[in-house]
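Note that these values count all heavy atoms, side chains included, but never hydrogens, waters or copies made by symmetry.
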Amino acid sequence: MLIVCNNIVLGQTSDMMREYNIIQSNRQDGRFLNTYGVVHAMLSHIQPECAFQPEMTFEDFREWQCKVRKSMQEIMKFPDIKGMPESRRIDSAQRDGYKLEKWEFYPLPECVSTFLVLIPDSLDKPAPAILCIPGSGQSKEGLAGEPGISPKLNDDYQNPKVTMARNFAKAGYIAVVVDNPAAGEASDLEQYARGRNYNYDLVSRVLLEMGWSYLGYTSYLDMQVLQWMKAQPSIRKDRIILSGFSLGTEPLMVLGTLDPSIYAFIYNDFLCQTQERALVMTAPDKNGTRPFPNSIRHLIPDFWRKFNFPDIVASLAPRPVILTEGGLDRDLDLVRSAYKIAGHPENVEIHHYPKYADPHTRTNIEALPKGLDRDEFYRLVNVDGANHYFKSELVLPWLKKFLE
């Protein structure tokens, strides 16, 4: 009887909560008494300063790119630090068909960080190189096909859907792979207890309190590795590619915006407007708690005042880019428009999840409906989460087309 009564109460609560999926005022003046309604309305009024406009001329587009770059510099807040020690190689081992090196670098007075380099045995001259940035819960070791620094931190490191860097090395390219902050070798106590459920939010909170951000810190460290790559005689400076999976697409966008010398980009995630995502994902759960699209490791002060993800990807034109997991055609068409304005529409290649490869299976709308929960949002933006993985089967043929 108690179970039945509890289920009835929960069902009634869920029905009551559904009445509040959409944020709306019950006052004639449209004002909100509850603070969530206030900040939600404030967010809905923000028009990003650097939004891409498809009707731009080529001259307008070049000027806009400079504006995006300047805005990114402002909000990433990279420190100006000089006099740090040179990076040094601390280990080297032979693998099947490539050499695996481990390097230390010193991006901040308080910090030592590491990265791995996979160098194919077949190379006899400077070659293209790919900077590989992991997704959430991943480490540089997993992407390199290596066990983690402790058993609890082992990725699925023999799975080709995970081993991004090793796949590139086997294909004949130099692969450089980093950890995201607070993950893998950069994690805290996870190797003893939590495992790969990394506590990104703790360091994000501290960084935000200091006026920085998780993405700003991540991108600053990755930029140091990028500069190291440019100084290596074995790497072609005019053929450096960035490859980001999931969480790793965010520093990819930052570095791509800040450094026009990067040759090409591998964007392995779906593309969306993050401001819109926050505005439409408002359906409360049975406890009356509304969701937030992402954790605070994705929080960058002033980001939404500047741009959304499609704007940033559009600003990469005309440099080659592949997007492997689709999104709304509305956002992807915006990127296509930028590449057309830049004079190289052939340099953008877009794939959808196989489930949504047929246009008739995709949602094709100009604005998402309000009051969505997380599952509804993903369905409407054409995401098949069960098949979110690094898609080498798409990326390697694309690389061959642009590099050989």
Side-chain angles (χ1 to χ4, degrees), residues 9-56 64 67-68 71-72 74-75 201 204-205 208-209 211 213 215 250 270-314 327-334 337 362-383:
V9 170
L10 288 174
Q12 291 172 340
T13 303
S14 296
D15 290 340
M16 182 183 71
M17 287 299 105
R18 275 194 285 273
E19 298 178 20
Y20 299 96
N21 283 6
I22 296 175
I23 311 304
Q24 52 193 350
S25 172
N26 57 7
R27 292 170 53 100
Q28 288 188 345
D29 61 7
R31 295 174 181 268
F32 290 89
L33 184 60
N34 76 80
T35 309
Y36 177 76
V38 173
V39 298
H40 185 271
M42 291 170 64
L43 177 60
S44 71
H45 296 148
I46 287 178
Q47 299 296 320
E49 299 170 15
C50 298
F52 171 74
Q53 304 298 332
E55 64 273 13
M56 288 177 180
W64 170 78
K67 185 178 179 180
V68 172
S71 295
M72 190 68 80
E74 291 172 359
I75 66 175
D201 289 357
S204 300
R205 171 64 188 265
L208 288 165
E209 294 281 9
S213 66
L215 181 56
E250 295 184 12
F270 78 103
L271 187 65
C272 77
Q273 295 189 21
T274 55
Q275 180 185 359
E276 180 186 48
R277 186 175 179 178
L279 287 170
V280 302
M281 277 180 55
T282 56
D285 63 18
K286 63 185 179 183
N287 298 315
T289 301
R290 298 191 192 275
F292 194 77
N294 279 312
S295 73
I296 62 171
R297 69 177 178 271
H298 300 274
L299 192 159
I300 310 102
D302 276 343
F303 189 92
W304 283 333
R305 292 190 178 277
K306 299 294 185 179
F307 27 56
N308 274 288
F309 284 5
D311 303 313
I312 302 173
V313 176
L328 281 177
D329 288 296
R330 173 200 68 185
D331 299 329
L332 300 168
D333 287 343
L334 184 144
S337 294
R362 296 199 294 269
T363 304
N364 189 3
I365 52 178
E366 285 302 309
L368 290 170
K370 299 175 181 178
L372 303 177
D373 63 23
R374 192 176 303 275
D375 291 341
E376 290 171 327
F377 172 81
Y378 282 134
R379 178 179 58 80
L380 287 174
V381 295
N382 308 310
V383 169

CG-CG distance between Leu328 and Leu368, expressed to the nearest 0.5 angstrom | 5.5 Å
Donor-acceptor pair, side chain of Thr289 and main chain of Asp285, under 3.5 angstrom = no
Flag, side chain of Asp373 to backbone of Asp375, donor-acceptor distance under 3.5 Å | yes
N/O donor-acceptor pair under 3.5 Å between Arg277 side chain and Asn294 backbone = no
Approximate separation, where rounding is to 0.5 Å, of Leu271 CG and Asp329 CG = 11.0 Å
Euclidean distance, Phe270 CZ relative to Asp331 CG, rounded to 0.5 Å | 9.5 Å
Steps toward side chain to side chain contact (heavy atoms under 4.5 Å, CB included) verdict (Tyr20, Arg290) = CA-CA 10 Å; Tyr20 299 96; Arg290 298 191 192 275; 3.8 Å; yes
Is there side-chain contact between Phe377 and Pro291, with at least one heavy-atom pair below 4.5 Å?
-> no
Say whether, by atom type as modelled, one donor and one acceptor occur between the side chain of Asn34 and the main chain of Gly37 under 3.5 angstrom.
-> yes
Salt-bridge test for Glu276 and Lys370: reply yes if a basic N is under 4.0 Å from a carboxylate O, no otherwise.
-> no
Is there side-chain contact between Thr274 and Pro293, with at least one heavy-atom pair below 4.5 Å?
-> no
Any side-chain heavy atom of Pro369 sitting closer than 4.5 Å to one from Leu380?
-> yes
Please identify each residue that fulfils ring-ring contact (aromatic ring centres under 6.0 Å, His included) with Tyr36, with sequence neighbours left out.
-> His40
Looking only at non-hydrogen atoms, find the nearest pair between Leu334 and Pro310 and report the distance.
-> CD2-O, 3.6 Å
Rounded to the nearest 0.5 angstrom, the CD1-OG distance for Ile75 and Ser213 is 8.0 Å
Kindly write out the residues that satisfy side chain to side chain donor-acceptor pair (under 3.5 Å) with Gln24, not counting sequence neighbours, or none if the list is empty.
-> none
Assess whether side chain to side chain donor-acceptor pair (under 3.5 Å) is satisfied between Arg27 and Ser25, documenting all intermediate values.
-> CA-CA 5 Å; Arg27 292 170 53 100; Ser25 172; 5.2 Å; no
State which residues pass side chain to side chain donor-acceptor pair (under 3.5 Å) with Arg205; sequence neighbours excluded, sorted by chain then number.
-> Glu209
Distance in Å, Ser204 OG paired with Ile300 CD1, rounded so as to fall on 0.5 Å steps = 10.0 Å
Rounded to the nearest 0.5 angstrom, the CZ-CG distance for Arg305 and Leu43 is 9.5 Å
Determine yes or no for a side-chain-to-main-chain donor-acceptor pair under 3.5 angstrom, with Asn382 supplying the side chain and Gly327 the backbone.
-> yes
Are Glu49 and Lys67 ion-paired here, with the side-chain N under 4.0 Å from a carboxylate O?
-> no
Short question: side chain of Thr282, backbone of Asn21 - any donor-acceptor pair under 3.5 Å?
-> yes
Check whether any side-chain heavy atom of Leu208 sits under 4.5 Å from a side-chain heavy atom of Ile296, and report yes or no.
-> yes
Salt bridge or not for Arg330 and Glu366, using N-O below 4.0 Å?
-> no
Looking only at heavy atoms, what is the nearest atom pair of Arg379 and Thr363, with distance?
-> O-OG1, 4.0 Å
Side-chain contact test, heavy atoms from C-beta onward, threshold under 4.5 Å: evaluate it for Phe303 versus Phe309 and give yes or no.
-> yes
Would you say the side chain of Ile312 lies within less than 4.5 Å of the side chain of Met72, judging by non-hydrogen atoms?
-> yes
All heavy atoms of Phe307 vs all of Cys50, minimum pair found to be CD2-CB, 3.8 Å
